[in-house]
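The structure appears right after this line, and notes come after that.
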Amino acid sequence: MSKNNSGGKRRFPSVSALVSQSLILPLFYRFAVFLYKSIRESAVGQFFLNYEKEEAAMKESFPGRLSARLNITDRVLRPLRFRIAAQFDHSMILNIIRRYLTRLASLSLATYGLVCLTFSFFSCMVIVAKFFLQASDAVSAALIGDIVVPAAALLIGICLVSSHHFLAEALCQSKIVHFFLFRCAGAKEEYFRSLGHIHGHAAAASVVGSVLGLFTAFLPAYLIPLGMAGLVVLLLIYKIPEAGVILALFALPFLPTKALIGLMMYLLLCFFLKYFRGKRTIHFGWLDLCVLLFMIVMLVAGVFSASPADSLFPVMVFLCFMCGYFLIVNLIRTSEWVERAAFAVVSSSTLVSLYGIYQNFFGGAATTWQDTDMFSEITGRVVSTFENPNVLAEYLIMCIPAAVAGFFCSKRASERLLYLFLCGISGACLIFTWSRGAWLGFMIAMLLFLLIYSKKTMVVMLFGMLAVPFAPFVLPASIMNRFLSIGNLADSSTSDRVHIWEGVAGLLKDHFLAGIGVGVGVFQKIYPRYTLAGIETAPHSHNLFLQILVETGIFGLILFFIFLVVYAKQFFTLSVRPLPEKRRILMAALFCGTLAVLAQGMTDYIWYDYRVLLVFWLMIGLTVAVGRTALEENRSPEASLRQN
């Protein structure tokens, strides 16, 4: 008996060998290759692959030639930038701030330990004074809780006061700080290593600690370290605006809307300061023009709203969050920042999903958003850090594709297992939202992603079609019943949507051209005039495209569709360029994630939650940034943008 290898073990044929030996599968693969080629060479395919030609045509158009002749960039903006940069560089105040920040980073850890000790002592004195001056039992209990911060400061001070190290070198040596400060935030390790060593004055450290301790007489003790940490973060974002984008991508599900507004406005300020100092550039193309025009339409619709008071805040939020698109396409300009952004999305969505899974199994899932008579087997729908299960699902279907891309991009088995595990966590949380629209949108998006990823997907689809009849025997009955109920008017959720759409159709007869104005507050005032009996109130139209039509009129909807077409054209044009495989996969995954949420937008107003609005435009921007960055670095690897 012959042996196939030296070990004497029988070798089984590989999957590729089985396919090659099959009579049917190669025919399917050849058909798939023929179909891909036909689509690419068709009129539709050529239409979606000519984005670069349209950008060139825009430059040759009358507005483009006029802009080139006026040359505002070289005649006005460039001299203005140089003048502002010179003012910044010679500003006495800024030079003092830079000098003191450098000094703070160069101080010894013993100096900071002394600050902590004096802070602990004086804050404890304040607590003792309050305890005797205020006899209330409730106040006394609150004061006992305040002792946690001074106690922590005391322990930190004891550990640091005898240290012989300095802050800059300690930051470089700490693995945790190294990960967050240098790998995630993109700070330059060389800068910290080049700083000198300064032994601070004990008297100055004691004064600073005592002043901070006395502040606890007016503020809760925990606000002191939080405020100082916040100040450090603001300074870091000012120095590296890209780090602010990464922070926004990560912290978005955990921050309230007003905090996100403040963060985005501060990011815009930091970016423009960098731009006018000549340290950042602005890329403006055909797609960017579409986004800008849509922002203008939103602004006009808000100004000429049927209820301007109800449109003021929503319009400001929309414009502020849509600026996130411009921030991300102009700041995420290298492969390193692309990887940091993808990591922020995956890690944040994983934490959100873990909390959602915890809610499902340990309480917190609610039945508020479901028909309990029709779906009695569902114990509740999770919301995690959001207020609504559909909102959570919208967030997840935009973020999960980034983890899917990580799985396909990984070369090592351990990395693939890790990303598969992360996809499983987020996928489980998505299931527990019980959002049928999100399920359907995600399935469509993943199918499109696989078709873009490989022609062999069509061969795999053959087996998938054969497996469909067996799905009821594999999937839980609760999932099958929920999914098959799509379109069932017996479900109150579905029937309510249909009746709302009928009422909105009546509203559009009177406001089709210009809309009623931006904001659900305006909608809730105008819609009751057209509502059907039994559906007297509705927060919105439960359809993204209908809501845009209602708020901005037909011109706003047409402009939004133009934006989507141009967005798709840019993606497909870049996808056929010779880009690095990792970037192509990530770009395709993010693109399909936005398509998934747009598909859900057919049955829900996905911009109702402002955080989802921000995620949407950030993901659009990140998709564009990945493609542009890969194309730029592929053209000139040596000339990749250096961001300071």
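Throughout, residue positions are numbered sequentially from 1 according to the sequence presented. Computed over heavy atoms, backbone and side chain alike; hydrogens, waters and symmetry mates excluded.
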Non-hydrogen atoms of [X] and [Y] that approach each other most closely:
X    : Y    : answer
S384 : V352 : OG-O, 2.7 Å
C184 : W337 : O-CZ3, 4.0 Å
N360 : G380 : OD1-O, 4.5 Å
A344 : F250 : O-CD1, 3.9 Å
P150 : S120 : O-OG, 2.8 Å
A402 : V345 : CB-CG1, 4.1 Å

According to side-chain contact (heavy atoms from CB on, under 4.5 Å), who are the partners of [X], at least two apart in sequence or on a separate chain?
X    : result
Y610 : T257, F313, P314, V317, F318, F321, L613
A341 : I246, L249, L622
L155 : none
I585 : A405, F408, C409, F449, Y453, E581

Could you go through the side chain to side chain contact (heavy atoms under 4.5 Å, CB included) check for M298 and V315 one step at a time?
-> CA-CA 7 Å; M298 297 290 289; V315 164; 5.8 Å; no
Output the distance between atom [atom1] ([X]) and atom [atom2] ([Y]), rounded to the nearest 0.5 Å.
X    : Y    : atom1 : atom2 : value
E242 : L267 : CD    : CG    : 9.5 Å
E551 : W607 : CD    : CH2   : 9.0 Å
C323 : M295 : SG    : CE    : 3.5 Å
N330 : K274 : CG    : NZ    : 15.0 Å
C399 : L430 : SG    : CG    : 11.5 Å
L154 : C159 : CG    : SG    : 9.5 Å

Are any of the side-chain nitrogens in R193 or E189 under 4.0 Å away from the carboxylate oxygens of its partner?
->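 Yes.
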Does atom [atom1] ([X]) have a neighbourhood of more than 12 heavy atoms from anything else shown, all under 6.0 Å?
X    : atom1 : result
F180 : CZ    : no
L231 : CG    : yes
H197 : NE2   : yes
Y419 : OH    : no
F254 : CZ    : yes
F215 : CZ    : no

Does [X] reach the main-chain N or O of [Y] with its side chain, forming a donor-acceptor pair under 3.5 Å?
X    : Y    : result
Q547 : H542 : no
T594 : F591 : yes
S410 : R412 : no
T629 : I332 : yes
S435 : A393 : no
S174 : L171 : no

Side chains of [X] and [Y], donor plus acceptor under 3.5 Å:
X    : Y    : result
S108 : T111 : yes
Y608 : N390 : no
T216 : S123 : no
R183 : H178 : no

Validation row, ring centre Y191 to ring centre F182 under 6.0 Å =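 No, they do not, as the ring centres are separated by 6.0 Å or more.
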Please confirm whether H540 and F523 have ring centers closer than 6.0 angstrom.
->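 Ring-ring flag for H540/F523: false, centres at least 6.0 Å apart.
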Hey, does [Y] have a side-chain heavy atom less than 4.5 Å from the side chain of [X]?
X    : Y    : answer
L598 : L544 : yes
L236 : I240 : yes
Y112 : I156 : no
F166 : L109 : no
W434 : P389 : no
L354 : C429 : no
L167 : L104 : no
F407 : L418 : no

Cation-pi check, R280 onto Y275 ring (under 6.0 Å, within 45° of axis) =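 Verdict for Y275: no cation-pi partner in R280.
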Do R611 and F386 meet the cation-pi criteria used here (NZ or CZ under 6.0 Å from the six-membered ring centre, within 45° of the axis)?
->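 Positive - R611 is close enough to the ring of F386 and near enough to its axis.
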In chain order, what residues pass the salt bridge (Lys or Arg N to Asp or Glu O under 4.0 Å) check against R583, with sequence neighbours excluded?
->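 R583: salt bridge (Lys or Arg N to Asp or Glu O under 4.0 Å) contacts with E339.
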Among all residues two or more places apart in sequence or in another chain, which pass the salt bridge (Lys or Arg N to Asp or Glu O under 4.0 Å) test with E169?
->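 Counting only residues at least two positions away or on another chain, E169 forms no salt bridge (Lys or Arg N to Asp or Glu O under 4.0 Å).
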Kindly determine whether F271 and I282 satisfy side chain to side chain contact (heavy atoms under 4.5 Å, CB included), including the steps that lead there.
-> CA-CA 10 Å; F271 170 74; I282 292 180; 3.8 Å; yes
Please step through side chain to side chain contact (heavy atoms under 4.5 Å, CB included) for the pair S206 and L117, ending with a clear verdict.
-> CA-CA 8 Å; S206 301; L117 289 176; over 6 Å; no
Can you name the one residue among V612, L590, I620 that meets side-chain contact (heavy atoms from CB on, under 4.5 Å) with M398?
->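 Among the candidates, only V612 passes.
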Would you check, one step at a time, whether the test side chain to side chain contact (heavy atoms under 4.5 Å, CB included) holds for K582 with L586?
-> CA-CA 6 Å; K582 285 186 177 182; L586 178 59; over 6 Å; no
Are F432 and F361 close enough, and set up right, to give a ring-ring contact (aromatic ring centres under 6.0 Å, His included), and what steps lead you there?
-> CA-CA 10 Å; F432 295 144; F361 290 104; 5.6 Å; yes
